[in-house]
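This structure is a prediction, so every number in the text was calculated from the model and none was measured. Numbers restart at 1 for each chain; the letters A, B, ... are given by sequence-line order, proteins then strands. Just the heavy atoms: all of them, side chains too, but no hydrogens, waters or symmetry mates, feed the values below.
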Amino acid sequence: MDPILDGLNHAQREAVTSSGSILQVLAPPGSGKTKTLTARVAYLLSHHGYQPQDVICCTFTIKASREMRERLAKLIGGKSESRLILGTFHSICRRYLVKYGYLIGLRRGFGIADSDDTRAIIRRTIKRLKSSIEPKAAQGRISRHKAHGRSPEAVAAKAKAEEQEIVDIYRDYESALAASNLLDYDDLLLRCGDLLREHPQCVSNVQAVLVDEFQDTNIIQYELVNLFASKNRRITIVGDPDQSIYGFRSAEIANLKRMQRHYSNTTVVLLSDNYRSSASILNSAQEVIEQDTSRPAKALQATHSFGTLPVLRKLPTPGAEAKWMVLEIKRCEAMTGGLLRMSDFAVLLRSASLSTQIETAFGRAGIPYKMVGGRKFFDRTEVKILLNYMRVVSHTGHSDALLNIVNVPPRRIGDETIKQLTGGADKAKVPLWDFIKDVVRGRRSTEKKLQKAAEQGLCSLMKLIEASRQKLQDCEDASAPRVLIEFITERLSFQEYLIRAYPLDEDSRWANVKELMHQATEVAAFEEEEVDKEMDLPEIEGVEQQQAHAGEEALTRFLANVALATEITTKDEEQEGDQPKEKVTISTIHAAKGLEWPVVFVPAVYNGSIPHSRAEVVEEERRLLYVAMTRAQALLYLSLPIRQPRLGEGEDGSTTLTPFLPPKLVTNRFRLTGPPLHEKAVYSIADILRRPRPSLEDMYRGLALLPSTLDDRWTPEGEEDRTKFDGTSARDVDEPNPKRRRSDMHQGPGSTTYMSSAGYTMNNSTQFTVPTTVSSGFTSARDYITANPEPPVESTSKSKPPADVAVANKPSASSSTRKDGLTQASISNFFGGPGLQKREPVIASRAQPQPQPSRRYGQPAQSQYLTQSVPPALSSHRVQQRPLQPSRPTLEPTNPNGYTWMAAPSRPGPKPRMSVTQERTGNNVSAGTAGTGASEAKPETSTRGFQAVSTFHTTTMSMVQQAPRRTLGIRRSMNGWQDRMKRDGGGHVS
DNA sequence: TCAGCTTTCGTTTTT
DNA sequence: CGAAAGCTGA
Ligand SMILES: Nc1ncnc2c1ncn2[C@@H]1O[C@H](COP(=O)(O)OP(=O)(O)OP(=O)(O)O)[C@@H](O)[C@H]1O
């Protein structure tokens with residue numbers, strides 16, 4: 001068998017081997033589109049005899065390109081993958097323009113205008129034109145025009161009155177770019193289109209063109225695809241309309257249809273098997289996307305088991321939300337016996353700005369993370385300064401870069417001087433730099449005489465730039481970027497400057513400078529390794545421009561890479577051990593496109609965040625949530641703070657759950673707290689990840705460090721669980737809730753205050769008083785447990801105690817050396833005991849006839865039964881007997897389109913129904929919009945009384961802090977939580 | 001006129 | 001919190 005087709009299913013193979021010249025692979029997330037595309041590249045090379053340099057493959061991000069190159073290296077080997085023309089549209093276009101741009105009159109050594117340049121230029125012209133348009137808005141509209149290929153003239157032609165202003169700015173902006181020899185992101189595509197239209201011979205070698213994530217291409221990119229393929233007309237694209245999330249950047253889903261219309265011989269292959277996510281995750285995501293009624297129904301079939309039901313968690317505040325993630329990550333890590341590592345977790349955000357609280361919480365908890373997307377390394381001011389120096393050195397006509405550094409570090413060149421200089425340069429119609437040079441040399445003068453100090457400053461700047469340019473001339477290899485950075489930092493006494501300017505964090509800023517140097521070095525090394533990184537086309541007489549000067553070339557390329565880079569490609573930062581960095585990923589949803597993680601958190605799913613308050617198209621926001629959810633393989637956590645202080649001015653800051661998660665969907669497809677992670681749940685995770693199941697011993701091992709084996713630090717309604725505190729704790733909560741405070745004052749500590757903030761039934765409230773009252777008096781968990789060997793009777797009968805509570809309450813707990821009553825024995829019970837290990841394969845593959853939410857196994861009673869060696873089937877029977885009264889219609893695990901349950905189509909009967917019932921009762925909270933926390937009164941009891949009990953072991957331990965500077969150790973006071981909160985709130989530590 | 005300080009405002013998503 | 005505008009002493 002052809003190794004290329006290994007591990008592909010029938011439909012995938014069909015796509016890979018299709019003889020169709022125009023091929024569209026349309027498929028839902030996780031169906032192996034990228035895998036298929038990669039295989040097709042390999043297939044075309046090996047079976048059609050195409051040369052790698054004759055194949056163009058466009059991915060959406062640089063990261064995706066890298067990954068594909070790596071995958072191909074494994075698939076075909078022989079280094080031929082390095083000759084592929086593979087990259088983002090922008091980087092491929094840049095390569096063509098570097099080689100052939102002169103054919104369309106492009107000046108050599110052009111730079112790329114990043115969004116800062118763009119913004120600066122637009123701001124300047126708006127000021128000059130005295131326009132009242134927001135720079136941001138102007139920028140967006142100009143880019144939109146460009147992305148549709150509309151020149152200023154074209155816009156002007158049919159512009160309405162108010163558009164006229166934009167046209168002026170647009171024109172001005174274009175000429176400013178030209179003056180600085182800059183191309184912006186849109187220009188890269190546009191000009192490359194121009195080039196290939198006028199000189200198709202540049203791509204006359206191209207045999208095949210492949211595009212990933214085609215649903216996110218814009219019109220220009222679509223045209224580019226056609227131009228690339230103009231010789232051989234062999235195009236393969238993969239995409240998924242449901243995952244189109246770049247409409248704000250003028251991406252058009254319609255390109256799919258457009259292509260079908262354009263090429264009547266288009267072959268369309270649909271894939272429907274999902275290999276990534278558990279069926280329960282898929283179900284919920286599917287229901288989200290199906291709310292879009294304009295969308296045609298699509299087949300989507302899970303190949304994995306039902307797995308663990310996704311979580312929709314409510315928490316008091318964003319800060320609590322972040323802490324909750326910390327706890328859940330630690331809980332998952334500790335309870336899965338080494339199955340999950342830090343790099344298996346991802347936090348996906350609608351906006352990068354949401355990351356701050358998460359980052360601080362992770363930092364305090366010692367959870368290693370990396371932030372991708374959002375604020376970029378190359379955007380940091382200190383880095384930016386050096387880069388701008390390099391840009392000026394590389395091309396002195398780059399006036400914007402020059403303006404950015406002309407007075408950094410301070411050279412006594414202020415607003416007035418700058419006004420004189422730019423005004424003079426404008427008048428003389430020469431570039432700013434030339435004008436400055438002339439002024440310094442006394443060949444020209446400004447209207448008003450410059451101050452002496454300013455002139456001196458200009459003089460020293462000129463000397464520096466000239467010296468740097470000389471340095472560059474002398475450096476004739478790829479090390480130029482690094483040499484220059486070093487030279488400039490040296491000459492500027494940059495480190496001293498940083499110390500002076502940023503006394504608070506000069507060290508981290510200097511570290512960034514070091515990192516920049518490192519980046520420059522890496523680029524150099526990279527170049528030497530892969531000389532043929534830039535493709536060469538021996539084609540026609542289109543001779544590439546003489547490489548001019550290797551040093552200059554390396555410099556422009558470095559700067560271009562910086563402008564096009566999303567994140568730094570640091571191979572192995574923080575050495576600190578030979579381990580490859582194990583880190584949680586924090587990312588924007590956009591940047592997570594195409595990726596997958598075993599465990600995914602999507603915080604802040606409230607109205608205003610997603611859909612974003614400024615979003616133009618709600619459907620796109622829904623797709624965004626869909627994309628985020630479908631990144632998860634085994635565990636999916638959505639969450640929201642019920643109060644967001646910064647939101648809504650005079651309001652109480654309460655949030656509303658995103659409309660994309662209507663109550664019915666939440667009730668049916670989500671649980672409200674993190675799942676119990678007992679043996680079977682863990683096995684199911686392992687199976688979905690296709691990893692070996694951890695041993696029970698390993699699973700026990702981590703437990704000692706956990707404050708709780710359950711997600712019970714907050715109530716399912718998202719309030720502080722008062723049983724975790726004594727009465728004074730309100731102020732220890734990171735974001736004190738004013739309401740809560742007030743009620744504290746009225747009712748005094750230690751009482752049942754917290755009920756006032758949640759609409760519990762009386763029935764429940766009587767239960768609450770027990771633990772709450774006790775908590776202020778008892779001295780140790782064990783005391784309490786021995787004093788109350790059994791939970792309150794009604795609770796046992798009416799509610800379902802969390803699994804580990806049942807365990808913790810067993811008398812055997814008293815033998816524990818732990819004060820929380822968690823013994824090895826009880827832990828073992830929790831997991832069902834070693835004896836049970838082999839009893840059932842558990843939810844495994846699609847062959848498994850009964851899709852049951854795995855959390856069923858986590859039901860409290862269950863673990864008790866398990867300890868008694870009752871087979872799961874039986875225990876579920878027992879569970880069903882419990883007096884459950886779901887207040888809502890019990891749902892079939894329905895699935896309108898009939899695909900969600902296909903993982904086990906054979907017997908959908910009563911079983912699933914029962915499981916869903918359990919879901920409901922397990923989390924008896926209002927599934928409705930998260931409002932003020934008023935939950936519906938429900939007949940069934942809550943687990944409150946038990947949470948209190950479980951609290952007792954919870955409170956005794958606090959997490960072990962790994963990071964040395966983060967203090968803490970194992971804490972055994974009854975105030976574990978409380979102390980921790982204090983610390984967490986208080987920040988600094990030893 | 002410059003530099004440094006305080007104040008204010010607003011905060012999507014990305015190549 | 002970071003950028004940008006405003007204010008004030010040198
Ligand atoms: N035939 C298969 N058998 C087993 N696993 C597969 C198969 N095809 C794909 N996978 C796995 O499914 C996961 C998703 O694959 P891939 O990333 O290619 O999907 P995708 O359709 O591109 O997803 P997205 O649309 O989210 O980008 C990967 O882990 C991949 O290894």
Side-chain angles (χ1 to χ4, degrees), chain A residues 58-65 87-94 112-116 118-120 123 127 134-136 139-140 143 146-147 183-189 213 216-218 220-221 244-251 348-357 359-360 372-376 378-381 384 407-420 448-454 457 500-505 560-567 587-593 604 608-617 620-621 623-625 627-628 646-647:
Chain A
C58 302
T59 63
F60 203 71
T61 62
I62 292 169
K63 194 172 180 183
S65 310
T88 63
F89 274 102
H90 296 270
S91 73
I92 291 174
C93 287
R94 191 194 70 87
I112 296 174
D114 63 22
S115 28
D116 275 355
T118 304
R119 190 163 36 95
R123 195 151 22 100
K127 216 173 230 170
E134 293 272 314
K136 262 243 170 100
Q139 194 179 336
S143 173
K146 292 184 84 163
L183 298 185
D184 69 11
Y185 295 118
D186 297 309
D187 286 329
L188 287 176
L189 306 178
E213 311 277 15
D216 282 315
T217 53
N218 65 26
I220 304 295
Q221 288 166 327
S244 162
I245 53 175
Y246 280 92
F248 70 94
R249 217 171 80 181
S250 304
L348 305 184
L349 309 165
R350 168 66 246 258
S351 318
S353 59
L354 293 166
S355 75
T356 49
Q357 277 162 301
E359 291 187 67
T360 51
V372 8
R375 222 202 146 74
K376 288 162 224 147
F378 295 117
D379 281 346
R380 314 253 172 100
T381 34
K384 202 87 208 198
N407 198 33
V408 184
R411 294 190 180 88
R412 309 207 66 82
I413 301 167
D415 293 346
E416 186 57 31
T417 309
I418 288 172
K419 204 157 90 191
Q420 293 300 317
K448 277 195 248 172
K449 190 87 180 76
L450 295 180
Q451 289 199 324
K452 275 236 178 60
R500 233 179 311 123
Y502 308 95
L504 293 174
D505 55 350
N561 285 339
V562 165
L564 295 177
T566 315
E567 60 183 305
S587 166
T588 58
I589 298 173
H590 286 89
K593 179 191 243 285
S609 173
I610 193 165
H612 195 272
S613 46
R614 308 184 62 163
E616 288 159 15
V617 193
E620 182 151 310
E621 299 288 304
R623 291 194 291 267
L624 212 38
L625 180 61
V627 168
R646 295 179 55 103
L647 218 72

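Side-chain atoms of A/Arg614 and base atoms of B/dT12 include no donor and acceptor less than 3.5 Å apart.
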Requested in this report: Test side chain to side chain contact (heavy atoms under 4.5 Å, CB included) on A/Lys384 and A/Asp114 and set out the steps.
Outcome: CA-CA 11 Å; A/Lys384 202 87 208 198; A/Asp114 63 22; 2.8 Å; yes

Report task. For the pair A/Lys136 and A/Arg123, evaluate side chain to side chain contact (heavy atoms under 4.5 Å, CB included) and give the outcome as yes or no after the intermediate values. Result -> CA-CA 9 Å; A/Lys136 262 243 170 100; A/Arg123 195 151 22 100; over 6 Å; no

**Report entry** side chain to side chain contact (heavy atoms under 4.5 Å, CB included) evaluation trace for A/Arg350 with A/Leu624
**Finding:** CA-CA 8 Å; A/Arg350 168 66 246 258; A/Leu624 212 38; 3.4 Å; yes

**Report entry** Trace of the side chain to side chain contact (heavy atoms under 4.5 Å, CB included) decision for A/His590 with A/Ile245
**Finding:** CA-CA 7 Å; A/His590 286 89; A/Ile245 53 175; 3.9 Å; yes

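The NZ-C1' distance, from A/Lys449 to B/dT1, rounds to 15 Å in whole Å. The interatomic distance linking A/Asp216 (CG) with B/dT13 (P) rounds to 16 Å, in whole Å. With rounding to whole Å, A/Arg500 atom CZ is found 8 Å from B/dG4 atom P. At whole-Å resolution of the value, CZ in A/Arg380 and P in C/dG2 are 10 Å apart. Rounded to an integer number of Å, the gap from A/Ile220 CD1 to B/dT14 P is 22 Å. Computed from coordinates, the A/Gln221 CD to B/dT15 P distance equals 12 Å when rounded to whole Å. Atom P of nucleotide B/dC9 and atom NZ of A/Lys136 are separated by 17 Å, given to the nearest angstrom. Here B/dT14 presents its C1' atom at 16 Å from NZ of A/Lys146, a figure rounded to the nearest Å.
Comparing A/Arg249 and A/Glu134 against DNA chain B, the residue whose closest nucleotide sits nearer the 5' end is A/Glu134. The residue among A/Ala615 and A/Ile418 whose nearest nucleotide of DNA chain B is located toward the 5' end is A/Ile418.
Applying the side-chain hydrogen bond (donor to acceptor under 3.5 Å, both in side chains) criterion to A/Gln139, with sequence neighbours excluded, gives no partner residue.
Contact check, A/Thr417 against B/dC2: a side-chain N or O comes under 4.0 Å of OP1 or OP2. Considering only side-chain N and O atoms, A/Thr588 lies under 4.0 angstrom from the phosphate OP1 or OP2 of B/dT14.
By the 5.5 angstrom centroid cut-off and the 30-degree plane limit, A/His612 is classified as stacked against the base of B/dT12. With centres under 5.5 Å and a plane angle under 30° as the test, the ring of A/Phe248 is not stacked against the base of B/dT14.
When all heavy atoms of A/Ala453 and A/Arg412 are compared, the closest pair comes out as CB-CD, 3.5 Å. The two residues A/Tyr185 and A/Ala563 have their closest heavy-atom pair at OH-O, 2.8 Å.
Distance from the side chain of A/Tyr246 is smallest for B/dT14 among the nucleotides B/dC2, B/dT15, B/dT14. Listed nucleotides B/dA3, B/dT15, B/dT1 differ in distance to A/Gln451; the shortest reach to its side chain belongs to B/dT1. Of the candidate nucleotides B/dT14, B/dC2, B/dA3, B/dC2 has the atom lying nearest to any side-chain atom of A/Glu416. Between B/dT13, B/dT1, B/dT15, one nucleotide has an atom nearer to the side chain of A/His590 than all others, and that is B/dT13.
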Please tabulate the protein-to-nucleotide N/O contacts below 3.5 Å involving nucleotides 4-10 of chain C, giving atom names and distances.
{"from": "C/dA4", "atom 1": "OP1", "to": "A/Arg119", "atom 2": "NH1", "distance (Å)": "3.1"}
{"from": "C/dA4", "atom 1": "OP1", "to": "A/Arg123", "atom 2": "NH2", "distance (Å)": "3.0"}

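Residue-level contact check: A/Phe89 touches neither bases nor backbone, having no heavy atom under 4.0 Å from any strand. Among the atoms of the strands shown, only primed sugar atoms or phosphate atoms (P, OP1, OP2) are found under 4.0 Å from some heavy atom of A/Asp415. Within 4.0 Å (heavy atoms only), A/Asn407 reaches sugar-phosphate atoms of the nucleic acid but no base atom. If you check every strand for non-hydrogen atoms under 4.0 Å, A/Arg412 touches sugar and phosphate atoms only.
Aromatic ring centres of A/His612 and A/Phe248 lie farther apart than the 6.0 Å criterion allows.
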